[in-house]
Q: 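Dumping the structure here so I can ask a few things about it.
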Amino acid sequence: TEFFECDVLVCGTGTSGLCAASHAAELGADVLVVEALTENGVGGNSKYVEACWVPANEDVIETTYATLVEYHKNALNTHVARRWVNEALDIFDWTIHSQGVTFAEASGLESLKATSPAVKYAEDEERELSAGKAAITTMYEYCQKLGVRFEFDARATELIMNDDGSVAGALCDRLAGSRLQVKASAVIFATGGFSANKEMFEQFTHLNYDHLIAYGTSGSQRGDGISMGLSVDAALHHPEAINFCSPILPGHFNKGALTICGVNQADTIFVNERAERFCDEHCISDWALSGNIGAQQEHIYVVIDQDFVEKIETQGPVTKRTNYFKANEPVPEFSSEIEEALVRDNPRVVKADTIEGVAERLGLDPQALAAQIKRWNGFVDEGVDKDFQKSAEFMRKVQTPPFYGFKTVLAWYNNVGGLKVDEYARVISKSFKPVPGLYATGSDAGGLFGGCYDVSCAPGSTQMWARASGYWAAEHAVETYLKG
């Protein structure tokens with residue numbers, strides 16, 4: 001066993017962990033960060049992010065708060081949400097001027113109800129770093145400059161507790177079998193949630209892990225922080241809440257024309273494994289919420305015709321997907337991407353001269369799919385969707401051969417619920433009292449969100465939540481356990 005001692009122990013090197021570590025060090029703490037991965041794994045899932053939400057100005061703070069409360073139907077922690085919107089501009093300023101993170105000049109990622117777009121991280125072209133990786137690298141280097149210590153291949157698995165119920169440190173495991181014992185006045189969880197833990201995922205969500213794709217996970221998000229919190233009787237806040245992405249086509253670029261314009265559009269029709277429609281497809285405009293209905297199906301299939309292909313190429317999609325393809329702007333490469341997938345013999349992309357032929361290639365009941373398309377086309381003629389009330393502006397017939405079918409898989413990024421925390425990121429026990437010295441941040445913590453991710457209200461909110469919760473945890477830990 002190796003022995004370490006520090007003021008603040010941070011478990012994890014994602015956005016929330018690096019924010020907690022750097023701010024605690026700024027405040028004069030001796031900080032040790034332990035990471036389950038090697039140094040190459042610094043950043044975890046945060047290496048794959050693109051943007052961070054921030055209010056455009058102080059005028060939209062009140063509107064954003066009201067929108068979040070309404071969207072989550074009061075299922076969020078209002079004290080957490082209020083502090084989050086109030087301080088987001090200050091934390092954004094700290095991110096730029098203290099940590100040195102840079103952002104792109106483009107306006108960023110917009111959503112339906114958002115009063116402010118997410119601001120995109122800047123890529124580091126000189127070092128050939130993607131946006132998320134550039135932000136992580138900058139924060140990691142800032143931590144090193146501040147004297148923060150890092151121990152890699154050190155997976156935090158067990159808390160050390162004092163007799164009075166306060167935190168005394170943690171035990172960490174190395175792959176080779178040795179252990180680290182760390183004595184600390186405060187422990188901050190930033191282990192990234194449970195996106196790589198099938199058992200925990202199914203326990204909390206009651207969904208089949210293998211029917212979804214955990215998109216962007218680095219494999220280390222095994223719920224370690226949540227498990228350790230539960231071991232000391234911590235409460236949970238909406239642990240079932242996950243950040244759905246959208247239906248994707250494995251084997252094809254997730255942000256390409258085929259995926260965005262073919263399987264994520266309101267004017268297509270979605271059917272399940274029974275070849276039945278199951279929703280108003282316009283729900284895809286809020287892909288976090290649309291995942292709630294999509295996850296109830298074994299599979300999600302999309303069927304389009306040649307008219308739709310030509311419409312995308314000449315008029316563009318109707319559903320804007322962040323900054324990849326804008327509504328009503330032609331996408332001339334759409335058909336070529338479909339043909340490339342067909343040439344590669346991707347079994348999830350099929351083409352046939354009849355609806356029955358598409359069904360056979362997709363493994364669906366041909367008669368059932370043909371009947372569903374006939375029923376749908378009748379609704380289009382009437383101008384009324386008698387099944388799911390889709391607006392007439394998004395209703396298009398599926399009638400002109402050749403026909404195309406896509407067998408998608410619903411993707412998700414991470415969980416957005418976790419250990420119950422307050423507005424200081426303190427872990428709250430089942431007795432509604434803070435666990436002294438214990439904090440949870442980012443995807444280990446639940447409080448800002450209700451039952452799902454609020455992408456349509458505050459795109460990039462998970463990144464600002466990671467920043468804010470890390471900042472709060474460090475600030476409270478230092479003020480309480482080092483200076484108090």
Q: Does either side chain, that of Q144 or that of Y140, offer a donor lying less than 3.5 Å from an acceptor on the other one?
A: yes

Q: So does A458 get a backbone contact from the side chain of S461, meaning a donor-acceptor N/O pair under 3.5 Å?
A: yes

Q: Are a donor atom and an acceptor atom from the side chains of H252 and N346 found within less than 3.5 Å of each other?
A: no

Q: Which heavy atom of A135 sits nearest to which heavy atom of Y121, and what is that distance?
A: CB-CD2, 3.7 Å

Q: Looking at D173, is its backbone amide N or carbonyl O close enough to the side chain of R155 to form a donor-acceptor pair, meaning the two atoms are under 3.5 Å apart?
A: no

Q: Just by distance, no angles: are the side chains of W84 and E423 close enough, under 3.5 Å, to form a donor-acceptor pair?
A: no

Q: Give, for atom OG1 of T15 and atom CH2 of W465, the distance between the pair rounded to the nearest 0.5 Å.
A: 14.0 Å

Q: Within 45° of the axis and under 6.0 Å from the centre of the six-membered ring of Y65, does NZ or CZ of R82 qualify?
A: yes

Q: Between the side chains of E26 and H23, does any donor sit under 3.5 Å from an acceptor?
A: yes

Q: Taking the side chain from H97 and the backbone from D93, do they hold a donor-acceptor pair closer than 3.5 Å?
A: yes

Q: Give me the atom names and distance for the closest heavy-atom approach of V409 to P250.
A: CG2-CG, 3.8 Å

Q: Using the rule side-chain contact (heavy atoms from CB on, under 4.5 Å), only one of N243, L76, L68, D454 pairs with F449; which is it?
A: D454

Q: In terms of side-chain heavy atoms, does S456 have a donor or acceptor partner in D286 at a distance below 3.5 Å?
A: yes

Q: Taking the side chain as everything from C-beta on, heavy atoms only, tell me whether Y142 gets closer than 4.5 Å to S98.
A: yes

Q: Between E337 (side chain) and G256 (backbone), is there a donor-acceptor pair under 3.5 Å?
A: no

Q: Short question: side chain of R348, backbone of K407 - any donor-acceptor pair under 3.5 Å?
A: yes

Q: What verdict does the side-chain hydrogen bond (donor to acceptor under 3.5 Å, both in side chains) test give for S130 and E123, after you've listed the backbone C-alpha separation in whole Å, the side-chain angles of each residue and the deciding distance to 0.1 Å?
A: CA-CA 5 Å; S130 65; E123 297 179 1; over 6 Å; no

Q: Going by heavy atoms in the side chains, are S166 and M161 under 4.5 Å from each other?
A: no

Q: Checking E151 against F4 for the side chain to side chain contact (heavy atoms under 4.5 Å, CB included) test, could you report, in this order, the C-alpha distance in whole Å, the side-chain angles of both residues, the deciding distance, and whether it holds?
A: CA-CA 10 Å; E151 281 294 322; F4 293 83; 3.7 Å; yes

Q: With respect to V10, which candidate in V31, T441, T191 satisfies the side-chain contact (heavy atoms from CB on, under 4.5 Å) definition?
A: V31

Q: Would the distance check show the side chain of E50 and the main-chain N or O of K120 forming a donor-acceptor pair, the cut-off being under 3.5 Å?
A: no

Q: With distance as the sole criterion, is a donor-acceptor pair present between the side chains of Q297 and H299 under 3.5 Å?
A: no

Q: Taking atom types as modelled, find out whether T138 and Q99 have a side-chain donor-acceptor pair closer than 3.5 angstrom.
A: no

Q: Kindly indicate whether the side chain of S429, heavy atoms from C-beta on, has any atom under 4.5 Å from the side chain of V232.
A: no

Q: Is there side-chain contact between F3 and K183, with heavy atoms separated by less than 4.5 Å?
A: no

Q: Does the side chain of D444 pick up a donor-acceptor pair with the side chain of Y439 at under 3.5 Å?
A: no

Q: Taking 4.0 angstrom as the limit, do R179 and E2 come out as a salt bridge?
A: no

Q: Quickly, which of N264, I248, T259, V263 forms a side-chain contact (heavy atoms from CB on, under 4.5 Å) with T408? Name it, please.
A: V263

Q: So which heavy atom on V148 is nearest to which on A25, and how close?
A: CG2-CB, 3.7 Å

Q: Is there side-chain contact between S195 and Y413, with at least one heavy-atom pair below 4.5 Å?
A: no

Q: Rounded to the nearest 0.5 Å, how far does CZ of R467 lie from CD1 of I91?
A: 9.5 Å

Q: Is there a donor-acceptor contact under 3.5 Å from the side chain of T268 to the main chain of V302?
A: no

Q: I'd like to know whether NE2 of H211 has more than 12 heavy-atom contacts from other residues, nucleotides or ligands below 6.0 angstrom.
A: yes

Q: Within a strict 4.5 Å, meaning less than it, do heavy atoms of the T462 and Y453 side chains meet?
A: yes

Q: Would you indicate whether the side-chain heavy atoms of S227 and F194 approach each other to under 4.5 Å?
A: no

Q: Heavy-atom count around E298 CD within 6.0 Å, excluding the residue itself: above 12?
A: yes

Q: Is it the case that the side chains of Q221 and N45 hold a donor-acceptor pair, with the cut-off being a distance below 3.5 Å and no angle test?
A: yes

Q: For residues A196 and G219, report the shortest heavy-atom separation together with the two atoms involved.
A: CB-O, 3.6 Å

Q: When you check the side-chain N and O atoms of E240 and T205, is any donor under 3.5 Å from an acceptor?
A: no

Q: Any sub-3.5 Å donor-acceptor pair from Q265's side-chain atoms to I260's backbone N or O?
A: yes

Q: How far apart are the closest heavy atoms of D153 and R174, and which atoms are they?
A: O-CG, 3.1 Å

Q: Looking at every heavy atom in both P55 and V60, which two are closest together, and how far apart are they?
A: CB-CG2, 3.7 Å

Q: Can you tell me how far CG of N77 sits from NE2 of H72, rounded to the nearest 0.5 angstrom?
A: 12.0 Å

Q: Under 4.0 Å between a side-chain nitrogen and a carboxylate oxygen: does that hold for R127 and E141?
A: yes

Q: Evaluate L438 against L159 for side chain to side chain contact (heavy atoms under 4.5 Å, CB included), listing each step before the verdict.
A: CA-CA 10 Å; L438 187 60; L159 285 170; 4.0 Å; yes

Q: If you count heavy atoms of other groups shown closer than 6.0 angstrom to CD of E58, is the number above 12?
A: no

Q: Can we call the ring centroids of W53 and F92 under 6.0 Å apart?
A: no

Q: Backbone N or O of G43 within a donor-acceptor pair of the T13 side chain at under 3.5 Å?
A: yes

Q: Would you call K133 and D124 a salt bridge, using N to O less than 4.0 angstrom?
A: no

Q: Take I226 and M200, measure what side chain to side chain contact (heavy atoms under 4.5 Å, CB included) needs, and give me the verdict at the end.
A: CA-CA 10 Å; I226 294 173; M200 185 174 285; 4.3 Å; yes

Q: Rounded at 0.5 Å granularity, tell me how far CD1 in I188 sits from SG in C19.
A: 11.0 Å

Q: Quick one: does V421's side chain get under 4.5 Å of R426's, heavy atoms only?
A: no

Q: Apply side-chain hydrogen bond (donor to acceptor under 3.5 Å, both in side chains) to residues S443 and N414 and explain how you reach the verdict.
A: CA-CA 7 Å; S443 291; N414 60 325; 2.8 Å; yes

Q: Will you find, in the side chains of Y209 and E199, an N or O donor that is under 3.5 Å from an N or O acceptor?
A: no

Q: Can you tell me how far OG of S46 sits from CD1 of I136, rounded to the nearest 0.5 angstrom?
A: 4.5 Å

Q: One pair to check against side-chain hydrogen bond (donor to acceptor under 3.5 Å, both in side chains): W94 and E87. What are the steps and the verdict?
A: CA-CA 11 Å; W94 170 76; E87 297 185 7; over 6 Å; no

Q: Between the side chain of Y481 and the main-chain N/O of G437, is any donor-acceptor distance below 3.5 Å?
A: yes

Q: Which value, rounded to the nearest 0.5 Å, describes the distance between L212 atom CG and C245 atom SG?
A: 11.5 Å

